[in-house]
2 protein chains.
Amino acid sequence: MFANAFGHFDPTGRTFRIEDPRTPMPWVNVICNGRYGLVVSQNGGGFSWLDNSQLNVLTRWEMDLVRDDRGKFLYVSDLNSGHVWSLSPAPCRTPFDVYRCEHTLGATTFTTEHAGIRATWTLTVAAEDPVEIWIVALTDLTGRARRLRIGSFFEWCCGVAPDAKREFHRLFFTTRHDAARRAIIVTKNMWDVPARNEKEHWNRPWPYAAAHAVAGVRFERDLAIADKALFLGRYTDPAVPAAMMGEAPACAGFGRFGDAAAALGGDLTLGPGQTVRLHYLLTCAPDEAQAAALLDRYTDAAGAAEAVRGAGRAWDDRLSATRVKTDRDDFDLLNNHWLPYQAISGRLWGRTGYYQQSGAYGYRDQLQDSQIWLPLDPAQCRRQILLHAAHQFADGSVYHWWHPLTETGLRTACSDDYLWLPYVLVNYLKETDDLAVLNEVVPFVDDAGGATLLEHCRRAFARAAARMSPRGLPLIGSCDWNDGLSALGVEGRGESVWLAFFLAGLLADFARVLETSGAGAAAETFLARRERLVEAVDAHAWDGEWFRCATRDDGRWIGTRENTEG
Amino acid sequence: MFANAFGHFDPTGRTFRIEDPRTPMPWVNVICNGRYGLVVSQNGGGFSWLDNSQLNVLTRWEMDLVRDDRGKFLYVSDLNSGHVWSLSPAPCRTPFDVYRCEHTLGATTFTTEHAGIRATWTLTVAAEDPVEIWIVALTDLTGRARRLRIGSFFEWCCGVAPDAKREFHRLFFTTRHDAARRAIIVTKNMWDVPARNEKEHWNRPWPYAAAHAVAGVRFERDLAIADKALFLGRYTDPAVPAAMMGEAPACAGFGRFGDAAAALGGDLTLGPGQTVRLHYLLTCAPDEAQAAALLDRYTDAAGAAEAVRGAGRAWDDRLSATRVKTDRDDFDLLNNHWLPYQAISGRLWGRTGYYQQSGAYGYRDQLQDSQIWLPLDPAQCRRQILLHAAHQFADGSVYHWWHPLTETGLRTACSDDYLWLPYVLVNYLKETDDLAVLNEVVPFVDDAGGATLLEHCRRAFARAAARMSPRGLPLIGSCDWNDGLSALGVEGRGESVWLAFFLAGLLADFARVLETSGAGAAAETFLARRERLVEAVDAHAWDGEWFRCATRDDGRWIGTRENTEG
């Protein structure tokens, strides 16, 4: 279903299978469990993070949608022939005999055949822990014994992405080899995040430890390298890493002042037709002991495999509360699986795509998106409403966006941001009748005492009322919902007709909320405001003509202009 | 001279010649004429800028000293064999038969032989204009006619580097083909620089136009491509660009919403043993007309060649005012050429290296560095002193660093920044006796009326006097000159013994300035302050023991501790 030149959905609708990696843009899976996340493209490009996909990125990546050759990779080399390839198209651009990339709910799997080796590589995030798990299987297809080396490779970022002052940041990493756990542990004595206030110095330690480990197999010789130049070689082709050939250093590059990276693996012999299974882990925790404890939880092969299944089950459970069934299978397929999955994993939790690595909460964005929960788990939408209410200022204004972890943000100059709080609240109430939420007391950014959610919404409306033009239309401020009109009305003159429409609908809806919650007088005021607004729109924002739309016989839309009498 | 495994200085001392590109780190030339600059490594990696090497970068680069494979490149392909190589080691990692990279004053030249073609590629910046010039010559060494294609390639940045929100920024470029000038013109409707104040919106146009042109040769078929994916191909190896082989599009990828890049060149036939010469230009100006006028000035081959010679002459003239002659040739060589050249071109003008792409003026850094002018052209040091004085606040504090172009900066919390103004002034006066400079009236950042330079210095000393510990030692603040001690004394308790030493010397020196300029009473006060400071150092910062240093017979230093009586 939805087949195109590059791939198609499988019949269950849970999985999009890409069979030709030359997609017009990177086609990615954003896999997040609410805290830990990763993005991976059909090429294998991408990155990982904890809690904020811009401010706390674990692995280096470069936003380059033409090359898409930066990420976390698995290399394999044939120690007899010296040939090196990768288990995804990047970075080796291997001409696979068989290639398949399956983006499914909570996991991506690469299946490849090359040089007589069938490989599968599944990437997932544990449902309940900040742990990324890769399950790998290599099978000989030649019927001959094979001497292989496998090596993971990525560069540590451990903080804000992109790593702008990279050579400076490089100085603050410490890498350590945990031989017992077959792990590389990294800490960083610098976290260059925006300061919350003048007293906060930019120079503070990264308050985490990250770890990468390999498990599930005994190598004839282990490879553990924590320095980029030692693994890749200097000025060489990353498709042919120095350490994947010849006598690679077994354990090298740890300590300080290298170029912090992680490469783990080793040499093994694969009997004729034999399969070897192993897995990798990547995690991040407040300190080394907690990171080590997380590794220990998934070091067992059966446990790791179960975690992959658990991640898929968690998504099925999450999305199964409401199922859509119409006479169009394709509509059902998207609405039952991929669309809500993307909205939750990518937009609400990851807050990143492959082109907008944000990590921040947009005041409009995540409030709007949280409505995906209404048919699934309305308590999650309620949680989001209260979180956003806590990012309103006492004067009714809000952050256009703010960053979790640092709680820094950009106070909005847009006309509409703050109105999405009552908008989404109204929709939540329509679904749930949970009027008790109106009495939840929530702080303001600049007033820890806060007020009820109802009062938060009234302040939003009061702010809108204070931002009207002499003609009675809302001022647009720097922009309205169309923020392509950026910086349009910063001098306080331009009007927004869109916002007038939005506000007119919202005033009516919220009048009902007020009425239902016993504030009948206030409801009257809201309705009167709405009347005046509608009159202003009719007077100043409409030329008196209708535009009538109809479908022609051939199915195309046509429009005709008519005057009010017509 | 100074020969090592990778290269050596030539006998004139003006040129460092690298003969093996596998240097332990990129070895670069920072070529700047005071406004326009470029950095180029022995691999060919690097970038270009105008006026600010961080905020107004013309071409994309990635700070990756292990790979060093991002920059502005020249590709050549043999249209008969389909073989593609580059005229520097990056990005093709060509196994050259002959390789030489000569970093000289104001220019870098690559000389290579590969696939039967001898190539020279010289990069320079015009002495008087914001124009980067590449002179290229290709010679057949096989004695057979050759069908070649040559193509330049780089990605536009046009603003702040690194281009953090790259896929967003991508939307704001417009590229245009100026066929008459054989040029690619680029403008950008976004410049994401720090705002100076709350009213300044982050969304403003990049106030420049940039242009890349090819000249000096007629191609059989022109190649002009303004889109990265069209030139390189998607997900392909940048060592083998799609457009360097087969029937490349002649003119493609212009307009909006591509991935703005520049590739210019074309196809030519080289007779047996024949040489073809051509040149490329890169420039940036306030608008398209001015950019075009700059191209026109250098489109003539003789003019371009003369510009290369002129750039070298300008450096020789600049550095020839004082020549060092000692009994050590190596000492003379460095002090007559490379050290002052680096200090001026890299530190004062470019304000970038290959690892600290700054563009900002450091309050200490560029003041200290400006002393390089004292034996060469003291008026330049005077200019720097006055520029820095204008970045002092009325309370005597200064910016730790500030950005030209935006005039935004970080107000210092260090103990010492502001004291470098009198320090360098004293050294300037020692060389010049130019006491008139003391009466120059210079604004403060927060007081346009300003004050004399003498008063600026007195406010610096007054600020130092106000920041003393109860024991009479200077407070260290966030750090002193050792800013590795970053954030050490932000709570206003720690002391800096280093600053006590520095201030003691400075008070004495400045007392002489005051005395000479007729402020005898103030001079007395300064000397009295110095006395108290020296007493405090003796009392609290010295354990009463000497540390005596001597040279042993084998030439190594030894130290012995002695008490004051010893």
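Each chain gets a letter, A, B and so on, in the order its sequence line appears, and its residues count up from 1.
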Where is the tightest heavy-atom contact between A/Ala239 and A/Val84, given as atom of each residue plus distance?
O-CG1, 4.0 Å
Quick check: B/Phe96 with B/Phe110 (ring centres under 6.0 Å apart)?
no
Evaluate the ring planes of A/Tyr354 and A/Trp61, with Trp represented by its six-membered ring, and classify them as parallel (under 30°), tilted (30 to 60°) or perpendicular (over 60°).
tilted
Turns out that what part of A/Arg234 lies under 4.5 Å from chain B's heavy atoms comes down to both
Is a donor from one side chain sitting under 3.5 angstrom from an acceptor on the other, for B/Tyr399 and B/Thr408?
no
Surrounding CH2 of B/Trp481 (heavy atoms of other residues, nucleotides or ligands, distance under 6.0 Å), is the total greater than 12?
no
Please classify the contact between B/Glu62 and chain A as side chain, backbone, both or neither, with a heavy-atom cut-off of under 4.5 Å.
side chain
Please identify each residue that fulfils side chain to side chain donor-acceptor pair (under 3.5 Å) with B/Trp85, with sequence neighbours left out.
none
When B/Asp237, B/Leu232, B/Leu410 are compared by non-hydrogen pairs under 4.5 Å with chain A, the top option
B/Asp237
Heavy-atom contacts under 4.5 Å, residues 165-173 of chain B to chain A:
B/Lys165, B/Arg166, B/Glu167
At what distance, to the nearest 0.5 angstrom, does CH2 of B/Trp156 lie from OG1 of B/Thr175?
9.5 Å
Of all heavy-atom pairs linking A/Thr59 and A/Cys157, the shortest is C-CB, 3.7 Å
By a 4.5 Å heavy-atom criterion (distance strictly below it), what part of B/Pro21 contacts chain A: side chain, backbone, both, or neither?
backbone
Give, as side chain, backbone, both or neither, the part of B/Leu65 having an atom under 4.5 angstrom from any heavy atom of chain A.
both
With chain B as the partner, which of A/Gln356, A/Arg70, A/Arg204, A/Arg411 has the greatest number of non-hydrogen pairs under 4.5 Å?
A/Arg70
Taking the side chain as C-beta and beyond, is there a heavy-atom pair between B/Asp69 and B/Asn43 under 4.5 Å?
no
Checking B/Ser478 against chain A: side chain, backbone, both or neither under 4.5 Å from a heavy atom?
side chain
Partner chain B: residue of A/Asp163, A/Asp68, A/Thr236 with the largest heavy-atom pair count (under 4.5 Å)
A/Thr236
So which residue, A/Pro162, A/Pro24, A/Ala164, A/Ser358, ends up with the most heavy-atom pairs under 4.5 Å with chain B?
A/Pro24
Do B/Trp191 and B/Asn56 pair up side chain to side chain, a donor and an acceptor below 3.5 Å, judged on atom types alone?
no
Has B/Phe393 got more than 12 heavy atoms of other residues, nucleotides or ligands less than 6.0 Å from its CZ?
yes
Which one wins on heavy-atom pair count under 4.5 Å against chain A: B/Glu155, B/Arg67, B/Glu491?
B/Arg67
